[in-house]
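Below is one structure; the comments refer to it alone.
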Amino acid sequence: MTAQKGAKSQEKVPPNFIKDIIEEDLRSGKHTTVITRFPPEPNGYLHIGHAKSIVLNFGLAEEFGGRCHLRFDDTNPLKEEEEFVESIKEDVRWLGYDWGEHLYFASDYFDRLYEYAVELIKKGKAFVCDLSPEEIREYRGTLTEPGKESPYRNRSVEENLDLFERMRRGEFKEGERVLRAKIDMASGNINMRDPVIYRILHASHHRTGDKWCIYPTYDFAHCLSDAIEGITHSICTLEFEDHRPLYDWILDQLDVPCHPQQIEFARLNLSYTVMSKRKLKELVDRGIVDGWDDPRMPTISGLRRRGIPPSAIREFCKRIGVAKRDSIVDIALLEHCIRDELNKTAPRRMGVLRPLKVVIENYPEDKTEELECINNPEDMGQGTRLVPFSRVLYIEETDFMEDPPKKFYRLAPGREVRLRYAYFIRCTDVVKDASGKIIEVRCTYDPQTKGGNAPDGRRVKATLHWVSQRHAVDAEVRLYDRLFNVPNPDGAKDGRHFTEFLNPDSLVTLKGCKLEPGLVEAKVGERYQFERNGYFCLDSKDSRPDALVFNRIVTLKDTWEKVRRRLSN
RNA sequence: UGGGGUGUCGUCAAGUGGUAAGACACGGGUCUUUGGAACCCGCAUUCGGAGGUUCGAAUCCUCCCACCCCAGCCA
């Protein structure tokens, strides 16, 4: 428990401008507590960009001893579904955050919001407008020209009250009338040109059913929901900066419990992927990926299925910082956070992905030895396990070369290497098939080197992982890589479509992989390091006890691969 | 041609008048029964540009340039 707490306190959000504002507000006495909120619209799945916001909002509240609300911004019944509220709750929970009792819905406030709208009308600050959607657009003006006032702008309070009430009762068709705030049609900020705050939608809502046929817009509902909940700091992304004057205007007109401060920060962009809901949906709809939880997707469900630990995502979100400039974070940082976490926690196993048969000529045919292997050299507390060794083994195809280039110091004819936790072996011969392909490597072992050390002090340059043929468990292994070939797939200057930059090798499926026998016991949710290969986990969707499927979470850093590439250039 | 933002290393990002943190990436090295990990070293005389103020400027002033967002009864 204490250790847990200690670990948590290390997970602080590093300094940033929002934290500065909060600290100043606490210091000056403007606030005595911090109340934030994460306000998703339940119309889609969460992705790692949302994780940044979640970690910020929940992290800040946690750190200052306040709280963070989970509030669904469900003001548009046309787009929202119950299915998404459940998946969003699951994702937030999985990321490690708890909203406690503070689960809210903007739709919980529809009655109060309606009353606030009436109050605005009574103050002469809102009016019912009969203009059609097209006319409203025309009257709004353009970015460089001011708008024109609606001919309905100066209706009497009584008439507005009556019309608004009749809107509520369902006397009008969709688009026939709206309620608008009366602000300034000449404002340079288009959001202030008498924005629509209520519209007619004859649609049933996932929570309020058919009780309402008028619904508040985001601008009206959001600030008031914040005020109702006593939010102190309302943190959102940059595109809402232009909405802040409206946020403040609405709260200034009304008798509200408090006036939260809206603060904007730059949303997360990640290299070698796309983040917009529209683009992710296209990947799903065109069958380019296996659904929203495809392990290559930046969705929370995709990251989860990929096997990425939530702690690594939290750490990543804290490391990227919070600022106002548009940026693209290098996905290598995410990968680093994943390796960093898994290196410390993941038990090691041996798994041969591309098997090459090795026969140890001087090892008895029927003998089996149980060799002790360390589960995690970074954490000896994880203990050891026994792995069977016998005469016929598999090693990695890439660990043998008949004609090795310089700097390759794995197995080759005449060479001696170490089999991890086992023996030194020396290659004596190779066996090829009719096409010349090497199908078997013949070796001898040195019985004196059991455990991996030579009594005579003899050294070897390489240590290979291996699996005993007789004992191996078969598995399918899916090697995942970056979805795109270019850092910024939707930033093509020549207007090329982002799918033109897909990485054809983002998924490589390997069958007939040979794993050490203990891995039959692997369970969904566990993560392993397959030594010298990377980190892997069972696929939660497709793996079956008699047909194991492992996903590669991330590779190990591979210096040899770098050398090899340099050599071939 | 309107309004709102932003420009510090390849990528993020500190710094808020006192002489450019840190991380990732990258390069080199030590060590190693994972070519993993760990450890060490290197990596912006310069802060979008040009002027100016000052003993002193990334930080203050002026002008300019670039990029992002806004004309949903979406959020």
Side-chain angles (χ1 to χ4, degrees), chain A residues 14-16 39-41 43 73-76 78-80 129 131-133 136-138 140-147 174-180 186-193 195-201 214-215 217-219 221-222 236-245 264 266 271 316 319-337 339-340 343-344 348 350 373-374 377-378 407-410 417-422 424 449 451-453 459-465 487 529-534 555-564:
Chain A
N16 63 62
E41 182 188 12
N43 73 338
D73 223 332
D74 56 352
T75 56
N76 185 350
L78 268 22
K79 295 184 161 184
E80 296 145 8
C129 183
L131 255 24
S132 69
I136 287 183
R137 197 189 327 120
E138 283 158 19
R140 188 155 34 223
T142 69
L143 292 178
T144 53
E145 297 157 335
E174 284 184 19
E176 215 169 294
R177 283 179 228 266
V178 291
L179 183 68
R180 294 226 256 165
S187 173
N189 182 344
I190 286 174
N191 295 301
M192 299 299 268
R193 319 239 262 227
V196 171
I197 57 175
Y198 258 95
R199 71 297 208 188
I200 296 167
L201 257 19
I214 58 171
Y215 294 90
T217 57
Y218 163 83
D219 286 306
H222 201 91
C236 62
T237 43
L238 251 29
E239 67 270 27
F240 293 103
E241 215 152 15
D242 285 344
H243 293 245
R244 184 165 18 122
E264 311 84 12
S271 63
F316 170 72
R319 288 229 217 171
I320 56 179
V322 179
K324 296 193 71 158
R325 58 183 92 103
D326 293 315
S327 60
I328 302 176
V329 176
D330 192 343
I331 199 168
L333 179 59
L334 209 213
E335 293 168 348
H336 172 264
C337 292
R339 290 189 185 105
D340 200 40
N343 176 49
K344 288 180 281 195
R348 312 290 117 128
M350 290 193 284
C373 302
I374 293 165
E378 301 293 319
K407 299 253 187 138
F408 178 92
Y409 43 84
R410 274 109 97 144
V417 299
R418 169 167 45 229
L419 292 180
R420 179 137 237 225
Y421 300 124
F424 284 10
T449 58
N453 285 304
R459 317 282 289 180
V460 290
K461 295 264 301 191
T463 300
L464 312 185
H465 60 281
Q529 183 194 106
F530 289 180
E531 293 206 35
R532 303 207 307 134
N533 265 320
T555 61
L556 248 30
K557 286 223 280 189
D558 190 349
T559 316
W560 163 241
E561 178 59 26
K562 254 181 221 171
V563 173
R564 204 182 58 89

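Chain letters run A, B, ... following the sequence lines, proteins first, then strands; residues in each count from 1.
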Subject >> Secondary-structure notation, RNA chain B, from Watson-Crick and G-U pairs under 3.5 angstrom (| other strand) >> reply: .(((((((.[[[..)..(...]]].(((((.......))))).....[[[[[..)....]]]]])))))).....
**OP:** Would you please name every residue forming a ring-ring contact (aromatic ring centres under 6.0 Å, His included) with A:His243, sequence neighbours left out?
**Re:** A:Phe240
Strictly under 3.5 Å: I want the nitrogen or oxygen pairs between protein and nucleotides 12-14 of chain B, one per line.
from   : atom 1 : to       : atom 2 : distance (Å)
B:rC12 : OP1    : A:Ile328 : N      : 2.7
B:rC12 : OP1    : A:Ile328 : O      : 3.4
B:rC12 : O5'    : A:Ile328 : O      : 3.2
B:rC12 : O2'    : A:Ile320 : O      : 2.8
B:rA13 : OP2    : A:Arg325 : NH1    : 3.0

Each nucleotide N or O in nucleotides 27-30 of chain B that has a protein N or O under 3.5 Å away: list the pair and distance.
none

**OP:** Could you tell me whether a side-chain N or O of A:Ser187 sits under 3.5 Å from a main-chain N or O of A:Asn189, the two making a donor and an acceptor?
**Re:** yes
**OP:** Describe the nucleic acid contact of A:Leu179 in one word from base, sugar-phosphate, nothing, applying a heavy-atom distance below 4.0 Å.
**Re:** nothing
Original post:
Given B:rU34, is OP1 or OP2 found less than 4.0 Å from the side-chain N or O atoms of A:His465?
Top reply: no
**OP:** Please work out if A:Arg459 contacts a base, only the sugar-phosphate, or nothing of the nucleic acid, heavy-atom cut-off 4.0 Å.
**Re:** sugar-phosphate
Original post:
How far does the P atom of B:rG5 sit from the matching atom of B:rG10, given to the nearest Å?
Top reply: 29 Å
Subject >> side chain to side chain contact (heavy atoms under 4.5 Å, CB included) involving A:Ala323 - partner list, sequence neighbours excluded >> reply: none
Original post:
A:Ile136 has an atom CD1; how far is it from atom P of B:rC74, in whole Å?
Top reply: 11 Å
Original post:
Reckon A:Ser132 touches a base, only the sugar-phosphate, or nothing at all at heavy-atom distances under 4.0 Å?
Top reply: base
Original post:
How would you label the glycosidic angle of B:rG72: syn (within 90° of 0) or anti?
Top reply: syn
**OP:** Could you check whether A:Gln529 gets within reach of a base, just the sugar-phosphate, or nothing at all, counting any heavy atom under 4.0 Å?
**Re:** base
Original post:
Looking at CG of A:Leu333 and CD1 of A:Ile320, how far apart are the two atoms once the value is rounded to the nearest 0.5 Å?
Top reply: 8.0 Å
**OP:** Indicate, with a heavy-atom threshold strictly under 4.0 Å, whether A:Tyr198 touches base, sugar-phosphate, or nothing.
**Re:** nothing
Original post:
How close or far is atom P of B:rU11 from atom CZ of A:Phe316, stated in whole angstroms?
Top reply: 16 Å
Subject >> Atom pair distance, as rounded to whole Å: NZ in A:Lys557 and P in B:rG35 >> reply: 14 Å
Subject >> Partner set under side chain to side chain donor-acceptor pair (under 3.5 Å) for A:Arg140, not counting sequence neighbours >> reply: none
**OP:** Answer with base, sugar-phosphate or nothing: what part of the nucleic acid does A:Arg410 contact at a heavy-atom distance below 4.0 Å?
**Re:** base
Original post:
Toward the 5' end of RNA chain B, which comes first, A:Arg177 or A:Glu561, by nearest nucleotide?
Top reply: A:Glu561
Subject >> Gap between atom SG of A:Cys373 and atom CD of A:Glu531 - 0.5 Å precision >> reply: 8.0 Å
Original post:
With respect to the side chain of A:Thr75, which nucleotide from B:rA75, B:rA37, B:rC24 is positioned closest?
Top reply: B:rA75
Subject >> Sugar-phosphate only, base, or nothing, as touched by A:Glu378 at under 4.0 Å among non-hydrogen atoms >> reply: base
Subject >> Ionic contact status for A:Glu174 with A:Arg199, cut-off 4.0 Å >> reply: no
Original post:
If you measure from CE on A:Met350 to CG on A:Leu464, what distance do you get to the nearest 0.5 Å?
Top reply: 10.5 Å
**OP:** Rounded to the nearest 0.5 Å, what's the gap from CZ on A:Arg418 to OG1 on A:Thr449? Could you check?
**Re:** 9.0 Å
Just the table, please: protein N/O against nucleotides 69-72 of chain B N/O, every pair under 3.5 Å.
from   : atom 1 : to       : atom 2 : distance (Å)
B:rA71 : O3'    : A:Arg140 : NH2    : 3.4
B:rA71 : O2'    : A:Arg140 : NE     : 3.1
B:rG72 : OP2    : A:Arg140 : NH2    : 2.9

Subject >> A:Glu41: side chain to side chain contact (heavy atoms under 4.5 Å, CB included) partners, not counting sequence neighbours >> reply: A:Asn43, A:Asn76, A:Lys79, A:Glu80
Subject >> Atom-to-atom span, CD1 of A:Ile374 to P of B:rU32 - whole angstrom >> reply: 16 Å
Check: protein-nucleotides 41-43 of chain B nitrogen or oxygen pairs below 3.5 Å:
none

Original post:
In terms of side-chain heavy atoms of A:Asp340, which of B:rU1, B:rA75, B:rA38 is nearest?
Top reply: B:rA38
Original post:
Who pairs with A:Arg564 by side chain to side chain contact (heavy atoms under 4.5 Å, CB included), at least two apart in sequence or on another chain?
Top reply: A:Trp560, A:Glu561
Original post:
Mapping A:Asp558 and A:Ser187 to their closest nucleotides on RNA chain B, which lands nearer the 5' end?
Top reply: A:Ser187
**OP:** To the nearest Å, give me how far apart CG (A:Asn343) and P (B:rU32) are.
**Re:** 18 Å
Subject >> Flag for A:Arg532-A:His465: side-chain donor and acceptor within less than 3.5 Å >> reply: yes
**OP:** Please round to the nearest 0.5 Å and tell me the distance separating atom CD of A:Glu264 and atom CG of A:Leu238.
**Re:** 7.0 Å
**OP:** Taking side chain to side chain donor-acceptor pair (under 3.5 Å) as the test, write out the residues that go with A:Glu138, two or more places apart.
**Re:** none
Original post:
Looking at CG of A:Asp219 and CE of A:Met192, how far apart are the two atoms once the value is rounded to the nearest 0.5 Å?
Top reply: 10.0 Å
Original post:
Under 5.5 Å between ring centres and under 30° between planes: true for A:Trp560 and the base of B:rG35?
Top reply: yes
**OP:** Using a 4.0 Å heavy-atom cut-off across all strands, classify A:Asn453 as base, sugar-phosphate, or nothing.
**Re:** base
**OP:** Could you check how far CZ of A:Arg418 sits from P of B:rG36, rounded to whole Å?
**Re:** 15 Å
Original post:
Taking the same atom, C1', in B:rA44 and in B:rA14, what whole-Å distance lies between them?
Top reply: 14 Å
Original post:
So what does A:Asn76 hit on the nucleic acid, given a heavy-atom distance under 4.0 Å: a base, only sugar-phosphate, or nothing?
Top reply: sugar-phosphate
**OP:** Send over the distance from A:Lys344 NZ to B:rU34 C1', rounded to a whole Å.
**Re:** 18 Å
Subject >> A:Pro377 side-chain proximity, nearest of B:rA25, B:rC73, B:rU34 >> reply: B:rU34
**OP:** Only counting residues at least two apart or in another chain, list the ones meeting side chain to side chain contact (heavy atoms under 4.5 Å, CB included) with A:Ile328.
**Re:** A:Asn269, A:Ser271, A:Asn488
Subject >> Closest approach of A:Ala186 to A:Pro146 (non-hydrogen atoms, all atoms of both residues) >> reply: CA-CB, 3.9 Å
**OP:** Take atom OH of A:Tyr409 and atom C1' of B:rU34, then tell me their distance rounded to the nearest Å.
**Re:** 11 Å
Original post:
P atom, B:rC63 versus B:rC26: distance in rounded Å?
Top reply: 44 Å
Subject >> Any A:Arg348 side-chain N or O less than 4.0 Å from OP1/OP2 of B:rA37 >> reply: no
Original post:
Which pair of heavy atoms, one from A:Gly141 and one from A:Arg193, lies closest together, and at what distance?
Top reply: C-NH2, 3.9 Å
